[in-house]
Amino acid sequence: MSNTTELSPAIYRIRVAVPVHLYDCFDYQVSAEQYAQAAVGARVSVSFGRQNLVGLITEKLPLDAPLDSRFKLKAITELLDDHAILDEQILNLVKWSASYYQFPIGEVMHSAIPTLLRQGKPYNLLALTWKIIDQKAEDKLKRSLKQQDAYKILKLHPHGTAETILNWSGVETATLKALEKKDIIHCELEPQNFSPEPVQLAQMPLTANDEQKVAIQSIVKSLKKYQAFLLDGLTGSGKTEVYLQAMYEVLKQGKQVLVLVPEIGLTPQTVSRFQSRFHCNIALLHSGLNDSKRLQAWQHAQTGKASIIIGTRSALFTPMPNLGLIILDEEHDLSFKQHEGFRYHARDVAMYRAHLQKCPIVLGSATPSIDSFHLAQLGKLSRLELNHRAGGAIMPKMHLIDLKIAKKQHGISETLIKEIQDRLDKKEQVLIFLNRRGYAPVLICESCAWQANCPHCDAHFTLHKKPYEHLHCHHCGTINRLPDACPQCNQSTLKPIGMGTAKVEESLNELFPNQNIVRVDRDSTSRVGSWQKIYDQIHKSEPMILLGTQMLAKGHHFPYVTLVAILDIDSGLLSVDFRATERTAQLIIQVAGRAGRGEKKGEVFLQTLRPDHPLLNTLITKDYRAFAKETLHDREIALLPPCRYAVMLRCESKSQEDNQKFLNEMTQLLRQHSGDLIDIWGPIPAPMERKAGRFQAHVVLLSTERAKLHFYVREWWQQVLFYKPSSMKLTIDVDPQELS
Ligand code: ADP
Ligand code: ZN
Ligand code: ZN
């Protein structure tokens, strides 16, 4: 056995990240020729169990690397790329985040590449594009239906269409060649590499005010090194102008900028602000793209063709050869944290990417997260402040309305009704915010107190009236018919309680007849283009009432809104989640920030049953920063994040007893190893104990020492997975954002 190694032929091996829910990479055998060709970061097709999967090469093993005799070495099926599709930095970013968030590396790797590449489609799928050169060729094509059809499709896309996409829509390559021969269309090969070119301005920058200047200069000064900034600026203080001017310095050097925005922030309006400032290619990456558009945008970033990449959370993993600056706007927004599967926080991973790239990152917000406030206190984020609204607008004044004593009509206080009428008379716009869609959140029987509850969740059904009357569970999606009479006592005494946006719309129509009332929520704007239409109306400066949910709260610039009313802030104050007050405060400030952005001063009215709530009072009598300071102080005393680091283990099964028993055993196991280092909370039932028919429970692990916490939890998590009964679903959430 011992002396035979020298004689046996060399075994060439590569290590592959395979998209399966396992924590290891796997070794495969390749030929000497394949070994020479294989690039780390390129795709391979391999058989795994009975499946054929697309994996990514993470390592070429040296010939003398020891052979793991536990597994039979399989050969790969084929090499799919002749070059790396993920560069070294992205590979490192993926490795780091898979390890930090304790998620299988193969799955993280897979989520970093566009779907078409995940499916094993050729890399240069879209490189060959066809374009019309003869715009008036219809008459020349009378004899061929196929050519006519192809011509029609190509006419729809003046910038060219990839051959693959044409093929998918039924246009044969032969037809294209025939048209090419007649000089009607021609074909272009998209180059795979762009040498960086300095970007020109398309529009003059605004003259920055003093605070903006300080912010821009600080960012520009650190362009060649890692530095993280917190741009803490009031709503409307001109944060975007700071981004644009800092970006220009980067773009001028032929470098790229990555701009990350919350899911809802990627409106055409945001994009057009970047587009109209610079002459350059902008790649957009968001969930609304189809697969080929996404691949195209991703490749434009990767080849350097696009100088600015604007995207939501996952755009973070896009390869960019000349990255010079990262901007993460509305950094407090919860949509930066992925809520299922690979539960990463884009803010933290983006900071790590900037660190790898040695470039600055700017986190901007009018209501920075308490986490970022904390990092700023520790000196890990450099604070930049904008304390005045740009363009001279004044911050709106806030008023609390005590719902316990106020006279009301349809749940709206008479004071507020008067104020709304006053603004409409002055031909101004009013924004009314209620974070609850549907008609009513509860349906009860007035005779016997029966309530319409979802049979699968610990939750009330929401009553919807459109497009037909029905009951809808917003947690699991169950839809039920509305009963004609009470199922318990048979009386016709069912009554909706509370109000959702659809109900408020009805009330507003009664209170303000003949006024333009527009509702914006997921139910009303699901049709493509409907939001754009509403947006155009808002910008026409006609009097109107805008009524809506979250969708209205963020980032929008509504210059004619002078009054903002928040109908119910109390639900956010009563939650068991210690971050609920932070979220409520952010929401209030963000919604309030839509008021008075133009020339006229704005006012904000908040309806509440708890006008004496200390948080509310700090927020209203002082400001968000005072609130944040107090909140951070409270968290320090209570030893809550960010003053301690947290990991949460969620458990879901058909029985709450099973959950509790298993979690108890597992926490004991952890305690044996970690001793007092980790504070263990739980197991406790989740705030919504039953969801979609399954019971939820969790434990929260807290420690002041992050490295040690992660060290113990990493080992423990593998044990937990080993002992886990197959009927149980477990997820681990590092730095959890919600206790639900
Ligand atoms: P934020 O992103 O902080 O909410 P915006 O960037 O949307 O603020 O700016 C609010 C408004 O102020 C915009 O209409 C913008 O054009 C204007 N603005 C920003 N900076 C300046 C400046 N230096 N001079 C004049 N107007 C400005
Ligand atoms: Zn009843
Ligand atoms: Zn339900």
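Counting from 1, the numbers follow the sequence of the chain as shown. Just so we're clear, the structure is a prediction, and the values are computed from it rather than from any experiment.
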- [ ] Would you indicate whether K426, at its atom NZ, is surrounded by more than 12 heavy atoms from other residues, nucleotides or ligands within a distance under 6.0 Å?
- [x] yes
- [ ] State, yes or no, whether a side-chain contact exists between P736 and R579 at a heavy-atom distance under 4.5 Å.
- [x] no
Open item on the list: Closer than 4.0 angstrom, basic N to acidic O: yes or no for K418 and E414?
Closed with: no
Task: Side chain proximity check, T608 to H613, heavy atoms < 4.5 angstrom - done: no
TODO: Provide the closest heavy-atom pair for L260 versus T312 in the form atom of the first, atom of the second, distance.
DONE: CD2-O, 3.8 Å
Task: Greater than 12 external heavy atoms within 6.0 Å of K404's NZ - done: yes
Task: Derivation of the side chain to side chain donor-acceptor pair (under 3.5 Å) call for Q696 and E689 - done: CA-CA 5 Å; Q696 330 272 329; E689 199 175 342; over 6 Å; no
Task: Validation row: V261, R313 side chains within 4.5 angstrom (heavy atoms) - done: no
Open item on the list: Any non-hydrogen side-chain atom of V259 less than 4.5 Å from a side-chain atom of F274?
Closed with: yes
Task: Nearest atoms (heavy-atom pairs only) where D329 meets P262 - done: O-CD, 3.5 Å
Open item on the list: Tell me if the NE2 atom of H633 is crowded by more than 12 foreign heavy atoms within 6.0 Å.
Closed with: no
TODO: Report the C-alpha separation of R273 and V271 in whole Å, then their side-chain angles, then the decisive distance to 0.1 Å, and conclude whether the side chain to side chain contact (heavy atoms under 4.5 Å, CB included) test is met.
DONE: CA-CA 5 Å; R273 284 181 81 174; V271 177; over 6 Å; no
Task: Close side-chain approach of L416 and L567, heavy atoms under 4.5 Å - done: yes
Task: Q737 and R583: CA distance, side-chain angles, deciding distance, side chain to side chain donor-acceptor pair (under 3.5 Å) verdict - done: CA-CA 11 Å; Q737 290 293 310; R583 307 247 175 262; 3.3 Å; yes
Task: Residues T581 and T584: side-chain donor-acceptor under 3.5 angstrom - done: no
Task: E330 with R347: basic N within carboxylate O range, under 4.0 Å - done: no
- [ ] Would you check if L702 and W681 make a side-chain contact, meaning some heavy-atom pair closer than 4.5 Å?
- [x] yes
TODO: Would you check, one step at a time, whether the test side chain to side chain donor-acceptor pair (under 3.5 Å) holds for S365 with H332?
DONE: CA-CA 7 Å; S365 177; H332 63 279; 2.7 Å; yes
Give the table of side-chain donor-acceptor pairs shorter than 3.5 Å for residues 484-504, with sequence neighbours excluded, one pair per line with atom names and distance.
unit_1	atom_1	unit_2	atom_2	d
T493	OG1	S447	OG	2.7
T501	OG1	D521	OD2	2.7

- [ ] Verify salt bridge (charged side-chain N to carboxylate O under 4.0 Å, His left out) between R277 and E241, making sure each step is shown before the conclusion.
- [x] CA-CA 10 Å; R277 178 66 60 93; E241 188 60 33; 2.9 Å; yes
Task: Donor-acceptor side-chain pairing of Y624 and Q586 below 3.5 angstrom - done: yes
TODO: Give the intermediate values and the outcome of side chain to side chain contact (heavy atoms under 4.5 Å, CB included) for residues L431 and L563.
DONE: CA-CA 6 Å; L431 188 156; L563 184 143; over 6 Å; no
Task: Heavy-atom pair of closest approach, residues T462 and R437 - done: CG2-O, 3.8 Å
Task: Value rounded to 0.5 Å, distance of CG in L381 from CG in L363 - done: 5.5 Å
TODO: Apply salt bridge (charged side-chain N to carboxylate O under 4.0 Å, His left out) to the pair D402 and R610, showing each step before the final yes or no.
DONE: CA-CA 7 Å; D402 185 351; R610 308 190 55 195; over 6 Å; no
Open item on the list: Does either side chain, that of E469 or that of Y439, offer a donor lying less than 3.5 Å from an acceptor on the other one?
Closed with: no
Open item on the list: Between L334 and H339, is the side chain to side chain contact (heavy atoms under 4.5 Å, CB included) condition met? List the steps.
Closed with: CA-CA 9 Å; L334 204 52; H339 288 285; 3.8 Å; yes
Task: Rounded distance [0.5 Å steps], CG in D458 versus CE in M688 - done: 7.0 Å
Open item on the list: For a ring pair (Phe, Tyr, Trp, His ring centres under 6.0 Å) check, start with the C-alpha distance between H399 and F605, then their side-chain angles and the critical distance, and finish with the verdict.
Closed with: CA-CA 5 Å; H399 311 272; F605 291 83; 4.6 Å; yes
- [ ] Check W450 against P483 and note the closest heavy-atom contact, atom names and distance.
- [x] CH2-CG, 4.3 Å
Open item on the list: Pairing donors with acceptors under 3.5 angstrom, does anything connect the side chains of S369 and E331?
Closed with: yes
Open item on the list: Let me confirm one number: the CG-OH distance from L328 to Y243, rounded to the nearest 0.5 Å.
Closed with: 8.0 Å
- [ ] Find the distance between CG (L234) and CG (D232) and round it off to the nearest 0.5 Å.
- [x] 8.0 Å
TODO: State whether the number of non-hydrogen atoms from other residues, nucleotides or ligands found under 6.0 Å of K408 atom NZ is greater than 12.
DONE: yes
Open item on the list: Checking side chain to side chain contact (heavy atoms under 4.5 Å, CB included) between P396 and each of E603, K601, R389, which is the one that passes?
Closed with: R389
Task: All pairs passing salt bridge (charged side-chain N to carboxylate O under 4.0 Å, His left out) where residues 556-571 contributes a residue, at least two apart - done: R436-D568
Open item on the list: Any non-hydrogen side-chain atom of F512 less than 4.5 Å from a side-chain atom of S507?
Closed with: no
Open item on the list: Would you compute the distance between atom CG of L619 and atom CZ of F627 and round it to the nearest 0.5 angstrom?
Closed with: 6.5 Å
Task: Any L587 side-chain heavy atom under 4.5 Å of T367 side chain - done: no
- [ ] Just say parallel, tilted or perpendicular for the rings of H474 and H472, cut-offs at 30° and 60°.
- [x] perpendicular
TODO: Going by the salt bridge (charged side-chain N to carboxylate O under 4.0 Å, His left out) test, name the single residue among R690, R694, K691 that passes it with E652.
DONE: R694
Open item on the list: As a quick check of understanding, evaluate ring pair (Phe, Tyr, Trp, His ring centres under 6.0 Å) for H475 and H460, giving each step before the final call.
Closed with: CA-CA 10 Å; H475 304 282; H460 296 304; 9.9 Å; no
- [ ] Start with the C-alpha distance between N509 and E505, add both sets of side-chain angles, then the distance that settles side chain to side chain donor-acceptor pair (under 3.5 Å), and finish with yes or no.
- [x] CA-CA 6 Å; N509 274 312; E505 183 182 22; 4.8 Å; no
- [ ] Can you see which heavy atom on N659 is nearest to which on Q656, and at what distance?
- [x] ND2-OE1, 2.9 Å
Task: G438 versus H464, closest heavy-atom pair with distance - done: CA-CE1, 3.5 Å
Open item on the list: Between the side chains of D735 and K337, is the shortest nitrogen-to-carboxylate-oxygen separation below 4.0 Å, so that they form an ion pair?
Closed with: no
Open item on the list: To the closest 0.5 Å, what do you measure between CZ (R625) and CG (L632)?
Closed with: 14.5 Å
- [ ] State whether F373 and R383 meet the cation-pi test: NZ (Lys) or CZ (Arg) under 6.0 Å from the six-membered ring centroid, and within 45° of the perpendicular axis.
- [x] yes
- [ ] Output, in order, the C-alpha distance, side-chain angles, deciding distance and verdict of side chain to side chain contact (heavy atoms under 4.5 Å, CB included) for E582 and R635.
- [x] CA-CA 11 Å; E582 174 185 351; R635 301 253 187 106; 2.8 Å; yes
